[in-house]
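Since we're looking at a predicted model, the values are computed, not measured.
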Amino acid sequence: MGFKSHYEWADEKYKAKCRLKDETTMQPSLGFRVCGLQVYQPASGQMHRKERAWCKTITKERVSEPFQIFAGGGLSAQSLYHDPDHGVLSQLRKVRAWFEAQRSVQFFQASLLFTYEGTARSAAEAHVQVHMIDFAHTFPSIGHRDENVLLGLLSLISILEKC
């Protein structure tokens, strides 16, 4: 999450590595990147996977594609993302509210993990969950809001609102 995955006080070698990784994805233009997905297909009983290499081919114009695929298990995109009580967007808005208020930490290279029960027919039944993970590069912010992640989160919410 965020428009950049490196922090300014990192050494130059690390920043260069992060910039290269960022530039090969949609992260610098959208504030996030999709690193992979898998979704259970009830009709076939199989897992549908999209690996990192496929995710690197996603362009700004095709950004909704992985989210449509992810919703293609048993739920509609409308139910998975837009259910007012159980959908992904309702949970992302809570994460957004936390990021708007908190001034304690800054996150670099943190991720969001979306999960749901693939055989469900409604968002409530699916136990849709949004988890923030990967905190290895989290630092005190000394009273500053984490604009990098917050703006990436706002971008993601805007895209999912259109799904």
Side-chain angles (χ1 to χ4, degrees), residues 1-39 47-72 77 80-84 86-116 123 127-163:
M1 291 300 304
F3 284 86
K4 63 180 185 175
S5 61
H6 68 278
Y7 32 95
E8 296 307 319
W9 54 91
D11 65 60
E12 289 305 316
K13 183 178 176 182
Y14 179 78
K15 288 193 284 191
K17 176 184 159 191
C18 290
R19 281 188 201 106
L20 180 62
K21 191 177 0 173
D22 292 349
E23 290 166 5
T24 61
T25 69
M26 61 191 175
Q27 188 161 356
S29 61
L30 292 174
F32 67 90
R33 67 174 169 243
V34 177
C35 296
L37 69 92
Q38 69 178 21
V39 62
M47 293 297 285
H48 180 82
R49 290 182 177 85
K50 293 292 187 183
E51 304 293 339
R52 184 171 300 207
W54 180 84
C55 293
K56 285 184 175 185
T57 69
I58 300 167
T59 61
K60 194 172 183 177
E61 296 74 30
R62 292 181 39 232
V63 69
S64 66
E65 191 175 330
F67 299 108
Q68 294 295 336
I69 292 169
F70 186 68
L80 177 63
Y81 298 120
H82 297 275
D83 183 281
H86 306 286
V88 167
L89 280 166
S90 68
Q91 294 181 47
L92 285 176
R93 289 181 183 115
K94 291 175 186 173
V95 174
R96 178 193 65 202
W98 184 83
F99 270 96
E100 288 173 338
Q102 77 88 20
R103 304 285 191 276
S104 305
V105 291
Q106 290 183 302
F107 297 85
F108 295 91
Q109 300 184 23
S111 303
L112 290 172
L113 174 66
F114 300 176
T115 62
Y116 71 96
H127 304 289
V128 176
Q129 296 183 0
V130 175
H131 297 279
M132 194 152 182
I133 61 172
D134 302 330
F135 303 117
H137 301 275
T138 303
F139 303 96
S141 68
I142 312 163
H144 301 286
R145 190 162 78 168
D146 189 342
E147 296 291 336
N148 183 45
V149 171
L150 179 59
L151 294 174
L153 189 57
L154 292 172
S155 173
L156 175 61
I157 289 169
S158 174
I159 287 162
L160 290 178
E161 285 174 341
K162 298 171 190 161
C163 282

A.B. asks: Does Ala101 offer a backbone N or O that forms a donor-acceptor pair with the side chain of Arg103 under 3.5 Å?
C.D. replies: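 Yes, because the side chain of Arg103 sits within donor-acceptor range (under 3.5 Å) of the backbone of Ala101.
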A.B. asks: Under the rule for side-chain contact (heavy atoms from CB on, under 4.5 Å), what residues qualify as partners of Ser90, not counting sequence neighbours?
C.D. replies: none
A.B. asks: If you compare all heavy atoms of Leu89 against all heavy atoms of Ile157, which two are closest, and at what distance to 0.1 Å?
C.D. replies: CD2-O, 3.8 Å
A.B. asks: For Leu113, which residues count as a side-chain contact (heavy atoms from CB on, under 4.5 Å) partner, sequence neighbours excluded?
C.D. replies: Thr115, His131, Ile133
A.B. asks: Just verifying a value: how many Å separate Glu147 CD and Gln106 CD, rounded to the nearest 0.5 Å?
C.D. replies: 9.5 Å
A.B. asks: Would you say CZ of Arg52 has more than 12 non-hydrogen atoms from neighbouring residues, nucleotides or ligands within 6.0 angstrom?
C.D. replies: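 Not more than 12 within 6.0 Å, no.
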A.B. asks: Please tell me if the side chains of Phe114 and Val39 come closer than 4.5 Å, counting only heavy atoms from C-beta onward.
C.D. replies: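 No, every pair of side-chain atoms sits at 4.5 Å or beyond.
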A.B. asks: For the atom pair CG (Leu150) and CZ (Arg145), what is the distance rounded to the nearest 0.5 Å?
C.D. replies: 5.0 Å
A.B. asks: Identify the heavy atoms of Thr25 and Lys56 that sit nearest to each other, and give their distance.
C.D. replies: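 The answer is CG2-CG, 4.4 Å.
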A.B. asks: So do Phe107 and Met1 actually touch side chain to side chain, heavy atoms under 4.5 Å?
C.D. replies: no
A.B. asks: Distance from Met26 atom CE to Thr57 atom OG1, nearest 0.5 Å?
C.D. replies: 9.5 Å
A.B. asks: Is there a side-chain contact between Val130 and Lys94, using heavy atoms and a 4.5 Å cut-off?
C.D. replies: no
A.B. asks: List the atom of Gly152, the atom of Phe3, and the distance in Å for their closest heavy-atom pair.
C.D. replies: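 For Gly152 and Phe3, the tightest heavy-atom pair comes out as N-CE1, 3.6 Å.
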A.B. asks: Do Phe67 and Val34 have side-chain heavy atoms sitting under 4.5 Å apart?
C.D. replies: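 Yes, close enough: below the 4.5 Å cut-off.
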A.B. asks: Can you confirm whether Glu65 sits close enough to Trp54 that some side-chain heavy atom of one is under 4.5 Å from a side-chain heavy atom of the other?
C.D. replies: yes
A.B. asks: Measure across Cys163 and His82 and return the closest heavy-atom pair with its distance rounded to 0.1 Å.
C.D. replies: O-NE2, 2.8 Å
A.B. asks: Could you check if a side-chain atom of Cys35 sits within less than 4.5 angstrom of a side-chain atom of Cys55, using non-hydrogen atoms only?
C.D. replies: no
A.B. asks: I'd like to check Lys4 versus Cys18 (side-chain heavy atoms, cut-off strictly below 4.5 Å). Are they in contact?
C.D. replies: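 They are not in contact (no side-chain heavy atoms under 4.5 Å apart), so the answer is no.
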A.B. asks: Go through it in stages, so that I can follow the logic: the residues are Glu8 and Lys15, the test is side-chain contact (heavy atoms from CB on, under 4.5 Å), and I'd like the CA-CA distance, side-chain angles, deciding distance and then a yes or no.
C.D. replies: CA-CA 8 Å; Glu8 296 307 319; Lys15 288 193 284 191; 4.2 Å; yes
A.B. asks: Decide yes or no on side-chain contact (heavy atoms from CB on, under 4.5 Å) for Arg33 and Asp22, but give the supporting numbers first.
C.D. replies: CA-CA 8 Å; Arg33 67 174 169 243; Asp22 292 349; 3.1 Å; yes
A.B. asks: To the nearest 0.5 Å, tell me how far Asn148 CG sits from Phe108 CZ.
C.D. replies: 6.0 Å
A.B. asks: Checking the side chain of Glu51 only, and the main-chain atoms of Gly36 only, is there a donor and an acceptor separated by less than 3.5 Å?
C.D. replies: no
A.B. asks: In Å and rounded to the nearest 0.5 Å, what is the CE to CD distance from Met132 to Gln91?
C.D. replies: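 Taking CE in Met132 and CD in Gln91, the distance rounds to 14.0 Å.
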A.B. asks: Please check this pair: side chain of Gln109 against backbone of Ser5, looking for a donor-acceptor N/O pair closer than 3.5 Å.
C.D. replies: yes
A.B. asks: How are the rings of Phe139 and Trp9 set relative to one another: parallel (under 30°), tilted (30 to 60°) or perpendicular (over 60°)?
C.D. replies: perpendicular
A.B. asks: How would you list, by chain and number, every residue that makes a side-chain contact (heavy atoms from CB on, under 4.5 Å) with Gln102, sequence neighbours excluded?
C.D. replies: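 So Gln102 forms a side-chain contact (heavy atoms from CB on, under 4.5 Å) with Trp98, Phe99, Ser104, Val105, Asp146.
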A.B. asks: In the structure I gave you, are the side-chain heavy atoms of Leu160 and Leu92 within less than 4.5 Å of one another anywhere?
C.D. replies: yes
A.B. asks: To the nearest 0.5 Å, tell me how far Leu112 CG sits from Asp134 CG.
C.D. replies: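 It comes to 9.5 Å.
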